[in-house]
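For reference, the structure discussed in these notes is given below.
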Amino acid sequence: MYWLSKKRYKIGLVAPTLIVYSVFIILPIGIAVWYSFTKYSGIGKATFVGLENYMRLFKDKVFWVSLKNTMIIFVLAFVLLLTISFLIALLLNNKLKGTDFAKALIFSPAIIAPIIVGIIWVYILDPNVGIINNILDALHLDFLKQKWIGGETLSPYSIAFIYFWQQLGYLVTIFIAGLKMIPEEVLEAVKIDGASTMQKIRYVIIPMMRSTISTVAVLIITGVFKIFEIVQQTTGGGPNHLSETLVTYSYSTTFTSGNYGYGMSLATVTFVLSLIITGIYSFLTREREGGNKR
């Protein structure tokens, strides 16, 4: 009887969270997946068309452009954010003069709304009114001027940098919290043993922060596949859809073109792709941890 009452108690605690999660996360995903198999304009009745929307993806040039742009942003953001945020966290974790101010300064972009971030960087990167090209103009370095946003090639790279700038402080804070969890006694013992800074990082800090690193990696992966406001504000997906990402293309297809079924197939592919990449990362890191234990 005690076991039953204990089990009921646990179920009672978990049930509200499960209900909220099911209603606001699982159910909308299920509805989106269902509509991805239909032809639907958002008005009237949806018509089931099977895999027609997914077959259409393979012939859609804009889909492949948006996929390419998304992957460029993902690779750049993942590599830069994971490595640089970790290195900055190591630096700021030291008790040096000015570190508190540096922490506040580096975290400040994370509290700015993404739409405002987009506006800020439009005034920096815009090829016509942007600060960078105007400075190059003033210095008579016209040959260095580029279409940083709104061009055919540099837009995804610029968006990746903007996202990096916005998220860096937030991820640095997570890494600093992880570093604080490492016992001082362990670090002192390593120091007494004569280990170099690189040896301490490689053989002590990184292994003891694997869960924190994995958390940050998953946050980056899921975050990149949700980038919308920055792209919408800086380029709007233009010119001629050349700077679209999967999310912005899904949005424009669904709400601008009124093709709800096809838009949901794009959203479903985006969701599945983020799950696959997260799963691959989790599998690889788990394999590595297993190999280290053996």
Side-chain angles (χ1 to χ4, degrees), residues 62-89 106-127 130-133 136 144-175 213-252 266-267 269-271 273-278 280-281:
V62 179
F63 165 72
W64 291 109
V65 170
S66 63
L67 178 61
K68 182 193 76 172
N69 290 339
T70 301
M71 296 312 296
I72 290 172
I73 295 169
F74 164 70
V75 171
L76 287 175
F78 187 84
V79 173
L80 291 175
L81 280 171
L82 196 61
T83 55
I84 295 178
S85 61
F86 179 68
L87 294 175
I88 292 175
I106 202 169
F107 185 76
S108 57
I111 64 175
I112 304 174
I115 196 73
I116 304 301
V117 169
I119 293 172
I120 291 170
W121 282 94
V122 163
Y123 285 105
I124 297 173
L125 297 176
D126 187 273
I131 294 172
I132 291 180
N133 278 359
L136 293 173
L144 293 176
K145 290 169 63 177
Q146 301 288 335
K147 283 191 175 182
W148 307 106
I149 53 174
E152 296 184 5
T153 56
L154 292 180
S155 291
Y157 300 94
S158 297
I159 291 165
F161 179 79
I162 295 170
Y163 183 72
F164 164 80
W165 176 82
Q166 184 198 20
Q167 294 294 314
L168 181 64
Y170 173 60
L171 299 179
V172 166
T173 303
I174 296 174
F175 273 130
I213 294 170
S214 295
T215 299
V216 169
V218 171
L219 286 173
I220 295 171
I221 294 169
T222 55
V224 165
F225 282 93
K226 294 190 298 181
I227 295 175
F228 173 76
E229 295 94 334
I230 294 173
V231 180
Q232 199 70 4
Q233 188 60 45
T234 53
T235 68
N240 196 27
H241 298 290
L242 289 175
S243 62
E244 294 275 18
T245 62
L246 289 172
V247 174
T248 59
Y249 186 41
S250 174
Y251 174 85
S252 64
L266 287 164
V269 167
T270 306
F271 174 69
L273 188 59
S274 66
L275 284 181
I276 290 172
I277 294 174
T278 302
I280 291 171
Y281 174 83

Pairwise side-chain contact, Ile106 with Ile88, heavy-atom cut-off 4.5 Å (strictly under) | yes

With the side chain counted from C-beta on, respond yes when Met71 and Leu273 share a heavy-atom pair under 4.5 Å apart, and no when they do not.
-> yes

Enter the distance from Gln167:CD to Leu80:CG here, rounded to the nearest 0.5 Å.
-> 13.5 Å

For the pair Thr245 and Ile227, evaluate side chain to side chain contact (heavy atoms under 4.5 Å, CB included) and give the outcome as yes or no after the intermediate values.
-> CA-CA 8 Å; Thr245 62; Ile227 295 175; 5.7 Å; no

Closest contact, heavy atoms only, Gln146 versus Pro127 = O-CB, 4.0 Å

Lys145: partners by side chain to side chain contact (heavy atoms under 4.5 Å, CB included), with sequence neighbours left out = Asn133, Leu136, Asp137, Asp142

If you draw a 6.0 Å radius around OH in Tyr170, do more than 12 non-hydrogen atoms from other residues or ligands fall strictly inside?
-> no

Looking only at atom types and distance, does a side-chain atom of Ser250 sit under 3.5 Å from a main-chain N or O of Leu246, one as donor and one as acceptor?
-> no

Contact summary for Ser214 and Tyr281, nearest pair of heavy atoms = CA-OH, 3.8 Å

After noting the C-alpha distance and the side-chain angles of Gln232 and Thr248, does the key distance pass the side chain to side chain contact (heavy atoms under 4.5 Å, CB included) rule?
-> CA-CA 7 Å; Gln232 199 70 4; Thr248 59; 4.1 Å; yes

For Thr234 and Leu125, run side chain to side chain contact (heavy atoms under 4.5 Å, CB included): C-alpha distance rounded to whole Å, both residues' side-chain angles, the deciding distance at 0.1 Å, then the answer.
-> CA-CA 9 Å; Thr234 53; Leu125 297 176; over 6 Å; no

Which distance, rounded to the nearest 0.5 Å, do you find between the CG of Leu275 and the OG1 of Thr270?
-> 11.0 Å

Val65 and Leu242: which non-hydrogen atoms are nearest, and at how many Å?
-> CG1-O, 3.6 Å

Would you say the side-chain atoms of Ser85 pair up with the backbone N or O of Leu81, donor to acceptor, closer than 3.5 Å?
-> yes

Spacing of CD1 belonging to Ile116 relative to CD belonging to Gln233, to within rounding of 0.5 Å | 8.0 Å

Is the closest side-chain heavy-atom distance between Ile174 and Leu219 below 4.5 Å?
-> yes

So do Val247 and Tyr251 actually touch side chain to side chain, heavy atoms under 4.5 Å?
-> no

Determine the interplanar angle of the Phe74 and Phe225 rings, folded into 0 to 90°, and report it as parallel if under 30°, tilted if 30 to 60°, perpendicular if over 60°.
-> tilted

So do the side chains of Tyr163 and Val231 get within less than 4.5 Å of each other, counting heavy atoms only?
-> no

Would you give the length of the straight line joining atom CD1 of Ile120 to atom CD1 of Ile115, rounded to the nearest 0.5 angstrom?
-> 11.5 Å

At what distance, to the nearest 0.5 angstrom, does OG1 of Thr70 lie from NZ of Lys68?
-> 11.0 Å

With side chains defined as the heavy atoms from C-beta onward, is the minimum distance between Ile220 and Leu82 less than 4.5 Å?
-> yes

Who pairs with Tyr249 by side-chain hydrogen bond (donor to acceptor under 3.5 Å, both in side chains), at least two apart in sequence or on another chain?
-> Asp60

Give a yes or no on this: more than 12 heavy atoms of other residues, nucleotides or ligands lie within 6.0 Å of atom CZ of Phe107.
-> yes

Compare all side-chain heavy atoms of Trp148 with those of Phe161 and state whether any distance is below 4.5 angstrom.
-> no

Partner set under side chain to side chain contact (heavy atoms under 4.5 Å, CB included) for Ser243, not counting sequence neighbours = Ser155, Thr235

Are any of the side-chain heavy atoms of Lys147 and Leu154 separated by less than 4.5 Å?
-> no

Taking every heavy atom of Val62 against every heavy atom of Glu244, the minimum-distance pair comes out as CG1-CG, 4.5 Å

State the CG-OH distance between Leu76 and Tyr157, to the nearest 0.5 angstrom.
-> 7.0 Å

Derivation and outcome, side chain to side chain contact (heavy atoms under 4.5 Å, CB included), residues Ile119 and Tyr123 = CA-CA 7 Å; Ile119 293 172; Tyr123 285 105; 3.8 Å; yes

